[in-house]
There are 2 protein chains.
Amino acid sequence: MKRDSRLSSVLHALLHMAEQEGPVTSDALAQCLGTNPVVVRRTMAYLREAGIVTSDRGHAGGWRFHADLGSVTLRQLHEALGEPAMFAIGNRNEAPECLVEQAVNAALEDTFAEAEALLLKRFSEITLADLAADFARRHAAVRRKRS
Amino acid sequence: MKRDSRLSSVLHALLHMAEQEGPVTSDALAQCLGTNPVVVRRTMAYLREAGIVTSDRGHAGGWRFHADLGSVTLRQLHEALGEPAMFAIGNRNEAPECLVEQAVNAALEDTFAEAEALLLKRFSEITLADLAADFARRHAAVRRKRS
DNA sequence: CTATATGTAACATCATTAGTTACATGAAAC
DNA sequence: GTTTCATGTAACTAATGATGTTACATATAG
């Protein structure tokens with residue numbers, strides 16, 4: 001099962017955009033992410049629809065992020081991406097008549113619902129600013145090691 | 001993305017087996033699960049390799065579960081199935097050079113690791129006996145409603 | 001020997017993200 | 001106003017992994 005890496009992608013892209021003055025093109029982001037500009041446009045389009053970024057065409061166009069890094073949480077980004085399924089494991093049959101299967105489903109659903117609630121809570125606690133700060137720490141550490 | 005429903009399947013199968021005297025054939029289980037006997041064999045083979053069930057060929061053959069329902073946890077079954085990936089969301093690149101991506105990965109990995117720990121903890125707390133008890137409650141409730 | 005069961009290989013199916021090609025559209029620069 | 005550079009988007013392919021199916025080998029009870 002292929003894993004959905006769009007959240008990872010947009011985080012990476014947004015942090016690179018934050019490092020830059022002015023707009024960043026899909027081509028530049030694609031290079032950062034090691035992918036294709038069309039994939040970038042497709043993925044970033046979710047964020048544009050959610051009002052998190054804007055895009056401009058033509059000369060000096062590209063993607064822009066206006067808001068404060070501290071004001072955007074992973075949860076908002078997850079929602080902007082359409083709240084894709086978190087889990088790769090699920091019930092065999094979502095609405096079974098069989099009472100045995102109903103009992104099985106209920107147990108798994110409860111468990112996964114609890115885990116999803118935890119994930120969403122953590123997502124709502126982490127902002128882009130937190131990731132940027134972690135990046136800055138890593139950057140400083142590398143520079144220390146080099147000198 | 002198609003979800004892995006093997007855990008759900010084996011739970012369903014094991015509880016049906018517990019309801020029965022003697023071995024249960026793959027055909028019978030396939031009927032319960034609404035699938036194909038080959039799929040049943042393939043999936044149950046994991047449990048056989050883990051020593052949770054046995055299978056016999058030929059006349060009066062089929063699948064058997066010997067142990068106590070209270071002695072088998074969802075976690076054991078998950079492990080028997082090869083500990084398949086729990087999450088449908090993941091990092092774009094598992095070993096990036098880019099420090100930005102490393103920071104992104106670290107945040108997501110921590111969060112998902114915490115959720116996975118919670119899931120495994122819950123899985124280790126739930127036994128087949130718990131599911132059987134829940135089934136019995138549902139069964140009794142239906143009988144009450146019918147009468 | 002026959003009927004019945006599992007064991008297993010081989011291949012098709014399905015769903016979904018990701019990757020690619022191609023082209024339309026819009027905006028700034030000259 | 002033409003050129004250049006950017007996004008927007010459709011259409012198709014690739015990759016992945018569970019699931020479904022067919023076919024046949026193998027073992028076992030009677």
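Chain identifiers are assigned alphabetically (A, B, ...) following the order of the sequence lines, protein sequences preceding nucleic acid strands; residue numbering begins at 1 within each chain.
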Using modelled atom types only, decide if a donor and an acceptor are shared between the side chain of [X] and the backbone of [Y] within a distance under 3.5 Å.
X: A/Arg92; Y: B/Leu33; answer: yes
X: B/Glu49; Y: B/Ala80; answer: no
X: A/Glu114; Y: A/Thr111; answer: no

Legend entry - Selection from D/dT19, C/dG7, C/dG19 that lies nearest to any side-chain heavy atom of A/Val39: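 Nucleotide nearest to A/Val39's side chain: C/dG19.
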
Determine all donor-acceptor pairs shorter than 3.5 Å in which one atom belongs to a side chain in residues 123-131 of chain A; sequence neighbours excluded.
residue	atom	partner	partner atom	Å
A/Ser124	OG	A/Leu120	O	3.4
A/Ser124	OG	A/Lys121	O	2.7
A/Glu125	OE1	A/Arg122	NH1	3.0
A/Glu125	OE2	A/Lys121	NZ	3.0
A/Thr127	OG1	A/Ala129	N	3.2
A/Thr127	OG1	A/Asp130	N	3.3
A/Thr127	OG1	A/Asp130	OD2	3.3
A/Asp130	OD2	A/Thr127	N	2.9

Inset, instruction - List the steps and the verdict of side-chain contact (heavy atoms from CB on, under 4.5 Å) for A/Leu119 and A/His78. - result: CA-CA 11 Å; A/Leu119 282 169; A/His78 174 66; over 6 Å; no

Legend entry - Near-strand residues of residues 23-31 of chain B, defined as heavy-atom separation under 4.0 angstrom from DNA chain D: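 Result for residues 23-31 of chain B: none.
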
Legend entry - Non-neighbouring partners of B/Phe65 that pass ring pair (Phe, Tyr, Trp, His ring centres under 6.0 Å), sequence neighbours left out: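 With neighbours one apart ignored, the set is empty.
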
Legend entry - Pairing residues for B/Phe135 by the ring pair (Phe, Tyr, Trp, His ring centres under 6.0 Å) criterion, not counting sequence neighbours: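 Ring pair (Phe, Tyr, Trp, His ring centres under 6.0 Å) list for B/Phe135, sorted by chain: B/His139.
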
Answer yes or no: does a side-chain N or O of [X] lie under 4.0 Å from OP1 or OP2 of [N]?
X: B/Thr35; N: D/dG20; value: yes
X: B/Arg41; N: C/dT8; value: no
X: B/Arg64; N: C/dT6; value: no

What residues, two or more places apart in sequence or in another chain, satisfy side-chain contact (heavy atoms from CB on, under 4.5 Å) together with [X]?
X: A/Asn91; answer: A/Glu94, A/Asn105, A/Leu108, A/Glu109, B/Ser8
X: B/Ala133; answer: B/Arg137
X: A/Ala60; answer: none
X: B/Gln31; answer: none

Inset, instruction - Specify the residues of residues 46-63 of chain B, ordered by number, for which at least one heavy atom lies under 4.0 angstrom from an atom of DNA chain C. - result: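 Those residues are B/Arg48, B/Ser55, B/Asp56, B/Arg57, B/Gly58, B/His59, B/Gly62, B/Trp63.
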
Inset, instruction - Could you identify which residues of residues 95-107 of chain A place a heavy atom less than 4.0 Å from some atom of DNA chain C, listed by residue number, or say none? - result: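 Close to the strand, none.
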
Close N/O contacts between protein and nucleotides 9-13 of chain C (under 3.5 Å):
residue	atom	partner	partner atom	Å
C/dA10	N6	B/Arg42	NH1	3.4

Inset, instruction - Find the distance between CG (A/Leu11) and OG (A/Ser5) and round it off to the nearest 0.5 Å. - result: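 So the gap between those two atoms works out to 11.0 Å.
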
Inset, instruction - Could you say whether B/Pro37 or A/Ser9 is positioned toward the 5' end of DNA chain C, judged by the nucleotide with the nearest heavy atom to each? - result: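 In this pair, the answer is B/Pro37.
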
Inset, instruction - Name all pairs fulfilling the ring-ring contact (aromatic ring centres under 6.0 Å, His included) condition that reach into residues 12-35 of chain B, sequence neighbours left out, sorted by first residue then second. - result: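 Passing the test, one end in residues 12-35 of chain B: B/His12-B/His16.
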
